[in-house]
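Reading through the structure tokens given below for one structure.
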Amino acid sequence: MDPSFFEGEREERELPDLPGDTSSAVLRFAPNPSGPLHLGHARAAVLNDHYAERYGGELFLRFEDTDPSRVDPKAYELIEGDLAWLGVEPDKTVFQSDRIEVYHEYAEKLVEVEGAYVCTCPEEEFHELRNAAEECPCRPLPVDKNRERFERMFDDYGEGEAAVRVRTDVEHPDPALRDFPAMRISEAPHPRVDARVYPLMNLSVAVDDHLLGVTHVIRGKDHLANTRRQLFIYEHLGWEPPEYVHHGHLHVGGVVLSTSEIRTRIDDGQYGGWDDIELGTLRAIGRRGIRPKAVRETVLSHGLSENDAEFSWKNLYAANRKLVDDGSDRYFFVPGPATLRVEGPGFEATPPLHPDHPERGTREIEVSEDPVLVVPSGDADDLSVGDRLRLKDLYNLEVTSTDPLRANYVGNDLSILKDGVPILQWLPADSPETRVLKPDGDDSGALEPAAADLKVGDIVQFERYGFCRLDEVSPPVFCYAHA
RNA sequence: GCUCCGAUAGUGUAGUCCGGCCAAUCAUCUCGGCCUCUCGAGCCGAGGACCGGGGUUCAAAUCCCCGUCGGAGCACCA
């Protein structure tokens with residue numbers, strides 16, 4: 001039986017049902033195409049995908065690219081790639097930039113039903129009035145006048161000179177909900193469309209969610225106020241709103257998540273790209289050998305809870321370790337190699353490729369008589385003259401000198417382990433070199449020759465070191481995942 | 001300043017809607033033990049939490065109030 005079957009079952013059982021009618025659920029993931037996805041996005045993406053799958057419903061990918069100044073044309077494909085990696089397969093992809101006229105149409109409708117008006121107040125003046133719970137001079141204007149002003153937005157008014165506002169309640173206790181804007185003019189060029197009158201998110205989102213038949217909206221709780229704003233639009237237009245669920249934020253420590261900040265640092269050369277292993281982008285995480293399923297499980301383990309959560313790398317690593325342990329062959333990697341001269345007989349070590357799977361065979365490491373070996377300098381530093389140690393899968397030694405480090409062969413009896421002697425990984429001194437890229441500082445060292453057959457993307461476990469993914473073949477470079 | 005949300009072990013989470021079966025779940029984590037060969041896996045054991053104060057009640061993690069702390073919004077961004 002496939003163990004993932006049970007994991008899938010458990011996933012389903014642990015998450016609560018969505019509110020409302022879920023018999024034909026339609027969900028959506030709606031990113032702004034400004035860059036690739038990171039851990040923070042993964043929560044909404046996976047949650048929506050999970051429920052769409054669970055209810056046999058549909059999932060839309062909707063690019064919310066209605067702010068021309070915040071669109072990176074490359075981001076569309078980056079995001080689609082990230083979703084594919086995550087195993088999120090949208091049934092349909094929608095570009096809001098293709099639908100500008102649709103939003104114009106509904107903005108006009110809002111004006112017609114007096115659910116919105118065109119406001120020409122300077123921004124600051126409007127804000128002052130709003131904060132004072134007073135209506136602006138444009139608000140009481142008749143529909144005729146608004147219709148005319150609406151037309152003028154397309155050919156007369158310039159950027160910042162007019163905006164469509166949704167009529168809510170100027171005395172609403174929450175100032176954030178008082179007559180919010182729904183459409184504006186922007187002269188910035190858009191990579192996909194030729195326009196200058198753009199909807200603001202609350203208009204385009206409400207219109208699309210309704211038109212596309214979205215039944216459940218799962219999004220971050222930073223949209224709590226937007227949900228309430230969108231509800232006003234539903235009411236003005238006489239639409240039935242979807243069910244909303246807001247999840248808390250994921251605080252991801254130790255990495256930079258901000259797309260704009262990453263972008264400038266890439267331009268500075270501080271990061272090698274969107275997949276720089278120091279980053280919290282999905283591409284960076286995948287590059288390190290974290291499986292998408294580990295991300296999914298970890299993200300799903302946070303549930304739908306509205307409280308913010310501290311993202312735990314340890315939990316991610318633990319989930320990934322379970323996923324990759326069985327399939328990862330073992331090899332020796334000696335970081336910071338310290339030379340160890342041995343007096344002893346020649347030998348051929350044959351450690352198993354995987355201790356739990358002897359059937360996979362062994363690696364072979366030839367050791368000459370009186371060999372020159374390397375061991376991790378961190379371990380070498382702990383050694384004193386007279387100490388005994390075990391070179392894993394090779395033989396036992398007794399230290400005769402620490403500077404330089406020398407040791408004599410003292411047999412091959414495994415019972416030495418009963419005495420608690422240290423077990424070290426080791427390699428012939430002439431082994432190939434490799435580098436392991438780690439977020440907190442790279443390691444260089446000796447690589448077991450048998451690892452030469454690995455392909456890019458293979459995940460291995462370097463014994464006593466950790467799980468790593470082969471990133472480049474020659475010269476070999478690995479990325480560190482976790483212990 | 002105004003408004004909204006949240007608060008269970010180091011971390012995440014279940015339970016909270018419909019109070020009792022919760023001296024509180026599961027995972028991770030930490031510590032110890034086992035294991036003739038990893039600081040991995042596995043097995044065994046241990047540790048660790050209902051933010052504080054009032055109230056309602058026979059009974060409160062669960063309901064109410066106040067407070068504290070944390071987060072978010074008050075953009076012609078999403």
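Chain identifiers are assigned alphabetically (A, B, ...) following the order of the sequence lines, protein sequences preceding nucleic acid strands; residue numbering begins at 1 within each chain.
- A close approach under 4.0 Å does not occur between any side-chain nitrogen or oxygen of Lys221(A) and OP1 or OP2 of G73(B).
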Test side chain to side chain contact (heavy atoms under 4.5 Å, CB included) applied to Asn202(A) and Phe180(A), step by step: CA-CA 9 Å; Asn202(A) 287 301; Phe180(A) 62 89; 3.8 Å; yes
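- Taking the charged nitrogens against the carboxylate oxygens, Lys418(A) and Asp413(A) have no contact shorter than 4.0 Å, which rules out a salt bridge.
- Contact annotation: Arg321(A) does not reach the phosphate of U38(B) (side-chain N/O to OP1 or OP2, under 4.0 Å).
- Taking only side-chain atoms of Leu414(A), from C-beta outward, the nucleotide of C37(B), C4(B), U13(B) with the closest atom is C37(B).
- Using a 4.0 Å cut-off, some side-chain N or O of Lys322(A) falls inside it from OP1 or OP2 of U28(B).
- Between the side chain of Asp325(A) and the backbone N or O of Arg321(A) there is no donor-acceptor pair closer than 3.5 Å.
- Of all the residues in residues 186-197 of chain A, not one reaches under 4.0 Å from RNA chain B with any non-hydrogen atom.
- Judged by distance alone with a 3.5 Å cut-off, a donor-acceptor contact links the side chain of Asp356(A) to the base of G40(B).
- Regarding contacts with the backbone of C29(B), every side-chain N or O of Ser312(A) stays at 4.0 angstrom or more from both OP1 and OP2.
- Looking at Arg43(A), its side chain does come within 3.5 Å of a backbone N or O of Gly248(A) through a donor-acceptor pair.
- OP1 or OP2 of C76(B) has at least one side-chain nitrogen or oxygen of His127(A) nearer than 4.0 Å.
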